[in-house]
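Each chain gets a letter, A, B and so on, in the order its sequence line appears, and its residues count up from 1.
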Amino acid sequence: MALSELNIGDVKIVDKVGADVKTQRFLQNVGLMPGVGVRVVAKVGKNMIISVKNTRLAMDKTLAEAITVTEEEE
Amino acid sequence: MNVEAVTAPGEEIQRARIKNIKDKKFTIALVGNPNCGKTTLFNLMTKSREYVGNWPGVTVEKKVAKLVGNDNVAVVDLPGVYSLSPFTPDERVTHDYIENENPDLVLNIIDTSLLERSLVLTHAIASHGVPMVCALNMADIARRNGIEVDTRYLESVFNCPFVQISAAKEVGIDVLLDTIAHQLVERRPARSVLPEDAPMDDVRKAVAEIAGKSAVIDDVDNFSDRLDRIVTDKWLAIPIFFLVSWRIYFLSIQVVGEITGGWAESAVEALGTLITNGFAAMGVSEMLTSLVVDGILGGAGSVIIFVPQLFVLFVLLSVLEDCGYMSRVAFVMDRIFRVFGLSGKSFIPMVVGTGCSVPGIMASRTIENKKDRLMTVVLVPFMPCSAKLPVIALFAGLMFSGHSWVAPSFYIMGVASVILGGVILKHTGFFKQEPAPFVLELSQYHLPTVKNVWESARQRTKEFIKKVTTIILAASAVIWFLQYFTPSLQVADSAEYSMLGYIGKFIAPVFAPLGFGNWQSAVSILTGFAARENVAASINILFGSESAIKAAFTQVSAYAFCAFVLLSSPCMGAVAAMKKEIGNMKDTLLAMCFQTGFAYVIALVIYQAGRLIF
């Protein structure tokens with residue numbers, strides 16, 4: 001399911017990151033890539049703040065919808 | 001202690017005090033992830049006062065300074081990077097420096113709480129084989145969050161020293177400097193766990209393992225997270241932001257202005273009377289007296305009285321920049337800006353631009369998307385920078401006393417113009433494109449340090465005073481000269497028949513539809529190109545008295561005049577900064593035409609509509 005569907009406090013494993021090359025490179029640099037755990041810190045509509053290995057990332061709806069997470073909890 | 005003696009073979013190696021390095025010149029390069037505290041440490045090591053802010057990407061160019069206490073050691077501050085591969089412009093600066101300049105030592109700064117991803121960069125530096133010292137910064141915050149790092153283990157993996165420090169609290173700096181001195185002499189090359197060309201996936205796997213062995217870093221919901229849920233709340237976010245900005249400008253401009261404005265003005269006036277009488281007693285010519293009193297004191301003096309207000313503004317702005325709220329504002333604003341095709345990231349340069357457009361324009365460099373970046377560069381000068389405040393405050397005080405909304409309304413006009421200008425630019429071919437997806441790293445909130453805030457406010461105030469006592473002083477003298485003499489260099493009977501009067505009258509008709517077709521306004525606008533503070537200075541010199549200003553303007557035309565000064569093509573300094581980012585003169589000129597045309601239309605609408613209503 002999409003990252004954007006998670007609620008505050010949810011912790012899931014990243015499955016796929018669908019974004020342009022530049023964005024994907026940035027996300028990898030800060031540690032967001034398939035296989036790592038993400039935690040939802042805050043949500044404003046579908047824009048959200050997430051935590052990946054202690055890095056806090058703010059992202060808009062488009063990106064949050066393009067990242068998928070696996071169903072099971074971390 | 002002689003450094004040579006320390007390294008003599010067979011001798012026990014001791015930590016050398018860095019000031020004892022004398023025989024050779026050394027260069028230390030500061031490298032680290034964005035917002036890990038490089039510049040704070042740089043300022044500490046070199047007693048520099050470089051611009052520090054709590055969001056990623058404050059440093060966009062390399063900066064060089066001598067190490068405190070030892071002129072033989074140069075310290076280079078580089079823009080923050082995640083790896084040594086050159087993709088964005090600021091990444092390239094760091095990459096090229098490490099590749100081509102061969103620093104004697106790399107000081108790798110690591111945000112302790114973000115150890116794992118920092119080790120990717122550590123690996124990249126290590127695989128270059130350059131001597132390295134790693135500083136685990138913000139160790140105090142990490143420790144408070146229960147993170148203990150096994151530095152011994154990291155030292156054995158990378159074959160280089162790891163020192164725990166807190167640059168903001170100035171803890172561990174002595175040990176760090178000793179370690180650096182030692183390493184400069186020993187030149188032990190760092191070692192990487194994998195070859196330089198190892199695939200990134202392998203590097204990340206290896207690094208995750210190292211991080212896991214050296215520290216347990218739990219991801220816990222902390223104070224920053226709780227605060228973020230409030231300041232980014234769907235309903236509260238925007239009101240909080242407006243409350244914060246309103247408070248800042250209300251406090252600095254209104255409150256401080258009311259306290260200091262009166263006596264500062266009387267002080268300048270009293271000084272003028274004193275000089276006039278003194279000069280008369282000494283038999284100084286009337287012309288020279290007029291130059292000093294009407295020209296310099298009337299011009300530059302009328303601007304210098306804004307120093308207390310600006311100082312308070314700069315203090316509050318640096319608190320805002322230092323605490324970490326700015327990146328949240330970018331996130332919050334993205335929701336609104338996106339509707340108009342702009343990125344929320346444009347918002348940080350705009351807030352910075354309320355201090356001065358030049359750093360605002362430079363701050364746009366952190367926007368990765370080229371079109372978003374260029375558009376921000378063109379739009380940032382719409383914000384009311386500190387140099388425009390004297391004009392706004394002058395008219396707000398003179399024409400709108402009792403209307404406290406007038407001064408802040410220009411901030412709203414600035415933001416609205418950015419949005420409107422953005423929409424217009426989007427519909428011209430060049431910028432037509434969806435903004436890139438918004439993603440931004442949020443730093444942890446921290447209390448601003450008194451030192452940072454004081455230094456930043458002091459620095460900016462000093463810049464302002466410097467400008468007033470140089471450019472604006474000179475411009476005031478030139479304006480006085482041009483309005484004292486006729487074109488044939490006779491003393492003009494009235495300023496109207498002076499050289500300036502003729503120049504002004506030639507341009508003035510252009511501004512007649514905007515409500516300020518008098519020659520004094522036209523000339524003031526011209527002088528604003530050298531520096532915006534000049535506009536207030538010129539208005540004061542050319543009209544000569546408050547009553548003359550009141551007679552020449554109505555409330556509506558005064559408001560239109562301020563709007564034009566606010567929005568039209570910025571001062572030379574900002575144009576130079578714009579040109580640097582845009583890259584060529586032709587497009588820069590185009591941008592200036594756009595800004596001035598935009599200003600003209602807005603002022604026209606304000607005056608013509610206002611005239612009908614009031």
Discussion item. So does B/Phe438 get a backbone contact from the side chain of A/Asp60, meaning a donor-acceptor N/O pair under 3.5 Å?
Written reply: yes
Quiz question: by atom type and distance under 3.5 Å, do the side chains of [X] and [Y] form a donor-acceptor pair?
{"X": "B/Arg328", "Y": "B/Tyr445", "answer": "yes"}
{"X": "B/Glu116", "Y": "A/Asn54", "answer": "no"}
{"X": "A/Ser51", "Y": "B/Asp219", "answer": "yes"}
{"X": "A/Thr70", "Y": "A/Asp15", "answer": "no"}
{"X": "B/Arg117", "Y": "A/Asn29", "answer": "no"}

Okay, A/Lys22 and chain B: the region with an atom under 4.5 Å from a heavy atom over there is side chain
Honestly, the part of A/Thr55 sitting under 4.5 Å from a heavy atom of chain B is both
*asked:* Using 30° and 60° as the class boundaries, would you call the ring planes of B/Tyr325 and B/Phe241 parallel, tilted or perpendicular?
replied: tilted
Residue from B/Met200, B/Lys234, B/Arg204 scoring the most non-hydrogen pairs under 4.5 Å with chain A is B/Arg204
Scored by heavy-atom pairs under 4.5 Å with chain A, the best of B/Thr232, B/Asp334, B/Asp218 is B/Thr232
Max heavy-atom pair count under 4.5 Å with chain B, selected residue of [options]:
{"options": "A/Met59, A/Lys53, A/Arg25", "result": "A/Arg25"}
{"options": "A/Asp20, A/Thr62, A/Val30", "result": "A/Val30"}
{"options": "A/Gly9, A/Ala42, A/Ala58, A/Gly45", "result": "A/Ala58"}

Tell me, side chain or backbone of [X] under 4.5 Å from chain A's heavy atoms, or both, or neither?
{"X": "B/Val220", "answer": "backbone"}
{"X": "B/Arg226", "answer": "neither"}
{"X": "B/Leu236", "answer": "neither"}
{"X": "B/Asp111", "answer": "neither"}
{"X": "B/Asp225", "answer": "both"}

Checklist entry - Any ion pair linking B/Lys205 and B/Glu209 (charged N to carboxylate O, less than 4.0 Å)? => result no
